[in-house]
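Each remark here refers to the structure printed beneath this line.
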Number of protein chains: 2
Amino acid sequence: MGQTEGGEKPGTRAEMREETERLILDAAEEVFAESGFGGATMQAIADACGLPKANLHYYFSNKEKLYRRVVERIFTIWLEAAGSFETSATPDVALRRYITRKMQLSREHRFGSKVWANEVMHGAPIIQDYLETTLRRWTETRIAVIQGWIDAGHIRPINPRWLMYTIWATTQHYADFAHQIETLNDGPLDEAQWQDATETVCGILLRGIGIDPGTGA
Amino acid sequence: MGQTEGGEKPGTRAEMREETERLILDAAEEVFAESGFGGATMQAIADACGLPKANLHYYFSNKEKLYRRVVERIFTIWLEAAGSFETSATPDVALRRYITRKMQLSREHRFGSKVWANEVMHGAPIIQDYLETTLRRWTETRIAVIQGWIDAGHIRPINPRWLMYTIWATTQHYADFAHQIETLNDGPLDEAQWQDATETVCGILLRGIGIDPGTGA
DNA sequence: AACAGACCTGACCATTCAGTCAAGATTTTT
DNA sequence: AAAAATCTTGACTGAATGGTCAGGTCTGTT
């Protein structure tokens with residue numbers, strides 16, 4: 001606790017622990033994303049982060065606890081992104097920013113998105129409570145906001161729920177189905193393609209609800 | 001080969017075999033959808049169709065062959081649906097019909113859709129060749145058609161590829177994320193909700209590309 | 001330097017699970 | 001009715017895997 005800043009490499013005990021945990025969580029996220037919970041093995045995760053398997057069990061008592069931590073971390077990131085849906089902004093700005101942020105997440109957190117998708121597809125055994133509480137509340141407030149836009153005549157009258165699902169689906173698709181997209185594209189999307197895709201998605205969805213979107217960039 | 005029609009229950013040897021295989025494939029599809037390939041066990045599939053495990057191995061020599069057959073069957077259904085994208089029709093009709101058909105598939109073949117999603121998310125180890133051949137060809141022809149609509153000024157200029165992905169994503173979401181949707185909805189969507197969701201998706205996407213959609217029903 | 005506590009790991013164990021097998025039942029053919 | 005083919009199944013096996021543990025190492029404290 002003496003000098004907080006310093007060598008960076010050694011760090012305090014707690015810092016080193018956190019760092020190792022992050023190393024394991026990163027590896028676990030990737031392995032869980034690529035193999036699912038059942039298909040992933042502790043050995044594969046150990047190999048992915050270069051630690052002996054027994055060491056993983058020192059930090060995370062068992063596979064399920066490790067998985068749980070991975071999922072919780074993803075939910076945190078999701079929540080942060082959810083904050084970019086500014087309820088005070090105009091629909092144009094709020095939706096464009098939210099969609100853009102979600103596309104960015106799909107690009108930068110592909111594995112996390114896949115783990116989330118897997119978890120939900122398998123009946124959300126771990127995150128059911130989050131769905132019922134946090135996600136539900138968040139969704140309901142946004143639906144209310146969208147309904148307000150409709151009542152004010154800013155956007156076309158549609159069921160806000162289906163609009164939310166459309167946004168989630170479209171943006172997440174670029175992470176969850178990245179392999180399919182890359183196969184059809186002969187390789188990963190490049191910077192320009194990501195921008196184009198993002199702009200196209202914004203354009204379709206905004207016009208779809210009756211907004212004439214301003215220029216993208 | 002004598003009387004082809006008749007009792008229906010007994011059937012010929014080949015018919016009974018086919019029926020048993022279908023029974024197993026149905027159960028396997030559900031179990032694979034809910035647990036993933038790695039998480040699914042032959043015993044669970046056996047229980048799901050009420051046969052002893054050893055019997056499964058009589059019909060399908062191993063787990064991977066069974067899985068492969070499940071995936072192939074799904075691809076067949078997908079292909080059939082792909083046919084509803086009428087290249088000769090106007091964009092309005094073609095897209096509305098295709099989207100509607102895909103929404104219907106999400107409702108009626110939830111398990112199949114989930115297995116497909118799982119397969120792709122895990123790098124498509126089984127269906128890679130389909131992606132590269134059949135799916136690729138199909139996609140390219142539809143992209144050409146859409147591009148034709150753009151050139152003719154029927155729809156707004158957008159990259160047809162991102163439009164295809166948006167359609168796939170949005171419609172499949174209702175199967176793959178059914179659990180999340182049902183949690184937020186306090187239960188499965190009813191008939192009216194499915195119709196409303198379908199109409200909303202059609203409305204958003206068609207307007208999104210610059211078509212004023214005719215009435216839904 | 002000695003000690004204590006946190007961290008690391010190879011070897012091991014118990015369980016689970018895909019896949020086998022041999023013997024029996026059932027249906028078809030001769 | 002006998003023989004042959006197909007189908008069924010309980011019991012078993014070998015390999016993989018989650019998890020344990022005893023003993024070692026490193027780090028910070030006194």
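The figures here come from the full heavy-atom set of this structure, side chains too, leaving out hydrogens, waters and symmetry mates. In what follows, chains carry the letters A, B, and so on, assigned in the order in which the sequence lines appear, proteins first and then strands, with residues in each chain numbered from 1.
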How close or far is atom [atom2] of [N] from atom [atom1] of [X], stated in whole angstroms?
X        : N       : atom1 : atom2 : answer
Lys53(A) : dG18(D) : NZ    : P     : 7 Å
Asn55(B) : dC7(D)  : CG    : P     : 10 Å
His57(B) : dG10(D) : NE2   : P     : 15 Å
Asn62(A) : dC21(D) : CG    : P     : 14 Å
Leu56(B) : dC7(D)  : CG    : P     : 15 Å
Ile45(A) : dG19(D) : CD1   : P     : 11 Å
Tyr58(B) : dT9(D)  : OH    : C1'   : 13 Å
Glu19(B) : dT8(D)  : CD    : P     : 11 Å

**Asked** Of all nucleotides in DNA chain C with an atom under 4.0 Å from a non-hydrogen atom of chain B, which is the first and which the last going 5' to 3'?
**Response**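 The protein-touched segment is dC17(C) to dT28(C).
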**Asked** Among Glu119(B), His122(B), Gln128(B), which one satisfies side chain to side chain donor-acceptor pair (under 3.5 Å) with His179(A)?
**Response**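 When side chain to side chain donor-acceptor pair (under 3.5 Å) is applied between His179(A) and each of Glu119(B), His122(B), Gln128(B), only Gln128(B) qualifies.
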For [X] and [Y], does a side-chain donor sit closer than 3.5 Å to a side-chain acceptor?
X         : Y         : result
Arg107(A) : Gln104(A) : no
Tyr165(B) : Gln180(A) : no
Glu199(B) : Gln195(B) : no

**Message:** Between Asp196(B) and Arg161(A), does any NZ, NE, NH1 or NH2 come within less than 4.0 Å of an OD or OE carboxylate oxygen?
**Reply:**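 No, no charged N to carboxylate O under 4.0 Å.
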**Item:** Sole candidate of Tyr130(A), Trp78(A), Phe75(A) that passes ring-ring contact (aromatic ring centres under 6.0 Å, His included) when paired with Trp138(A)
**Value:**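 It is Trp78(A); the other options fail the test.
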**Prompt:** Is the phosphate of dT8(D), meaning OP1 or OP2, less than 4.0 Å from a side-chain N or O of Tyr59(B)?
**Reply:**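 It does, given that an N or O in the side chain of Tyr59(B) lies less than 4.0 Å from OP1 or OP2 of dT8(D).
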**Item:** Among Arg110(A), Arg73(A), Arg69(A), salt bridge (Lys or Arg N to Asp or Glu O under 4.0 Å) partner for Glu29(A)
**Value:**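 When salt bridge (Lys or Arg N to Asp or Glu O under 4.0 Å) is applied between Glu29(A) and each of Arg110(A), Arg73(A), Arg69(A), only Arg73(A) qualifies.
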When all nucleic acid strands are considered with a 4.0 Å heavy-atom cut-off, which category describes [X]: base, sugar-phosphate, or nothing?
X        : value
Phe60(B) : nothing
Ala44(B) : nothing
Ala46(A) : nothing

